[in-house]
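So the structure is just underneath, and the comments pick up after that.
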There are 2 protein chains.
Amino acid sequence: MPAPVAAEPIEHTSAVPLEKPDALCCAPAPGQGSLLAAEAETLALRFKALADPNRLRILSIVSSSPEAETCVCDLSEPLNLGQPTVSHHLKILVDAGLLNRDKRGVWAYYSLVPGALDTLAATMAPRV
Amino acid sequence: MPAPVAAEPIEHTSAVPLEKPDALCCAPAPGQGSLLAAEAETLALRFKALADPNRLRILSIVSSSPEAETCVCDLSEPLNLGQPTVSHHLKILVDAGLLNRDKRGVWAYYSLVPGALDTLAATMAPRV
DNA sequence: TTGATATATCGATGGTTGTCAATCTCCCGA
DNA sequence: TCGGGAGATTGACAACCATCGATATATCAA
């Protein structure tokens, strides 16, 4: 837990495909000294992926499964959701960079992206 | 339905366990060994508060302000939002237990709830 | 090839949310 | 006591989202 976060506003780390935060040279002077609008937008996308109880449970199930990977069929039942809905949520989590998708044969196995949640968590407590 | 959830400041000091808690005697067989539906609902409410770029910027501005507290009038301008909208976002953040509201005279000063973000972050990376 | 199965995608729908204009409440100074 | 200003609340509206049924795609087995 190095927690290399500076006292400055959040610096995005890698580990997940992110838009490069450079190229904000001539921003129309929004609230400076704080999160820029573009950064906030990107961050909000991640948190939006966590802002649904079923997606949180998906992450929990995936992370606590024996092999740390789960297929869609293992999720539909405990969540009490239809298969298309589960697939939809999984896509959102993959797009947010939180889950990996590994299709082997007919089955698709999902696993946590290592460090993705920690990186997100680090942006929440920059000045511990 | 109105569903006025946060009638009370959620303190929730302990990190939400990703394991099975207690008292699941008669639950309709949810996913075992994972987040229960009720826990997921509560957690999702918090993340929902963070799932908006303007609310993230509010938190950033408040935390980086000199006195670590800000009044509504200081937020409306940098966010380019109307006063009712800012007030709306602030209410969501207060209800989520992330901001404190301190009304002194005509002005209302908002400040971070100490440890609230850290607690939330801890639920994302329980193995710190 | 054909059939079966697992998953993804599409279209529709009801509920939720962010925003604003208008209004209300409350506190303070004159 | 009254008036002005800060902030909260209300109502309305458009955009978004979670969910489902139906369908498409892909892979394996016979």
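FYI, side chains are in, hydrogens and waters are out, and symmetry mates aren't considered; it's all heavy atoms of this structure. The sequence lines fix the lettering, A, B, ..., with proteins before strands; numbering per chain opens at 1.
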**Nonpolar side-chain network containing A:W107, other nodes, edges under 4.5 Å** = A:V106, A:Y109

**Request:** Could you check whether A:R55 gets within reach of a base, just the sugar-phosphate, or nothing at all, counting any heavy atom under 4.0 Å?
**Result:** sugar-phosphate

**Request:** Calculate, to the nearest 0.5 Å, the distance between atoms OG1 and CG belonging to B:T85 and B:L75 respectively.
**Result:** 12.5 Å

**Message:** Need one value for B:L75: base, sugar-phosphate or nothing, where a base atom within 4.0 Å counts as base even if backbone is also close, heavy atoms only.
**Reply:** nothing

**Request:** Apply side-chain contact (heavy atoms from CB on, under 4.5 Å) to B:E41 and list each qualifying residue two or more places apart in sequence or on a separate chain.
**Result:** A:P53

**Asked** Looking at residues at least two apart in the chain, or sitting in another chain, which of them share a side-chain contact (heavy atoms from CB on, under 4.5 Å) with B:S76?
**Response** B:V86

**Message:** Checking B:H89 now: which residues fulfil side-chain hydrogen bond (donor to acceptor under 3.5 Å, both in side chains) with it, not counting sequence neighbours?
**Reply:** B:R55

**Item:** Between C:dG18 (P) and B:I58 (CD1): distance, integer Å
**Value:** 11 Å

Where do N or O atoms of nucleotides 8-11 of chain C meet protein N or O atoms at under 3.5 Å, pair by pair?
residue: C:dA8; atom: OP1; partner: A:R101; partner atom: NE; Å: 2.8
residue: C:dA8; atom: OP1; partner: A:Y110; partner atom: OH; Å: 2.5
residue: C:dA8; atom: OP2; partner: A:S87; partner atom: OG; Å: 2.4
residue: C:dA8; atom: O5'; partner: A:S87; partner atom: OG; Å: 3.4
residue: C:dA8; atom: N7; partner: A:Q83; partner atom: NE2; Å: 2.7
residue: C:dA8; atom: N6; partner: A:Q83; partner atom: OE1; Å: 3.3

**Prompt:** Which sits closer to the 5' end of DNA chain D, A:A51 or B:Y109, going by the nucleotide each is nearest to?
**Reply:** B:Y109

**Asked** Within the pair B:N54 and C:dT19, is there a side-chain N or O less than 4.0 Å away from OP1 or OP2?
**Response** yes

**Pairs meeting criterion salt bridge (charged side-chain N to carboxylate O under 4.0 Å, His left out) with involvement of residues 83-92 of chain B, two or more places apart** = B:K91-B:D95

**Request:** Mind listing the closest non-hydrogen atom pair of B:L79 and B:I58 along with its distance?
**Result:** CD1-CG1, 3.4 Å

**Request:** Mind checking side-chain contact (heavy atoms from CB on, under 4.5 Å) for B:A116 and listing every partner two or more places apart, or none if nothing turns up?
**Result:** B:L98, B:V113

**Request:** Nearest whole angstrom, please: distance from the C1' of C:dT16 to the NZ of A:K48.
**Result:** 13 Å

**Item:** Start and end of the DNA chain D segment that chain B contacts, any atom under 4.0 Å from a heavy atom
**Value:** D:dA6 to D:dT9

**Item:** Partners passing side-chain contact (heavy atoms from CB on, under 4.5 Å) against A:P84 (at least two apart in sequence or in another chain)
**Value:** none

**Closest non-hydrogen atom pair, B:A37 against A:R57** = CB-NH1, 3.8 Å

**Asked** To the nearest Å, how far apart are B:L45 CG and C:dT17 C1'?
**Response** 13 Å

Give each protein N/O atom lying under 3.5 Å from an N/O atom of nucleotides 12-14 of chain C, with the pair distance.
none

**Message:** According to side-chain hydrogen bond (donor to acceptor under 3.5 Å, both in side chains), who are the partners of B:D102, at least two apart in sequence or on a separate chain?
**Reply:** B:R104

**Asked** For the pair made of CH2 in B:W107 and P in C:dC27, what is the distance, rounded to whole Å?
**Response** 14 Å

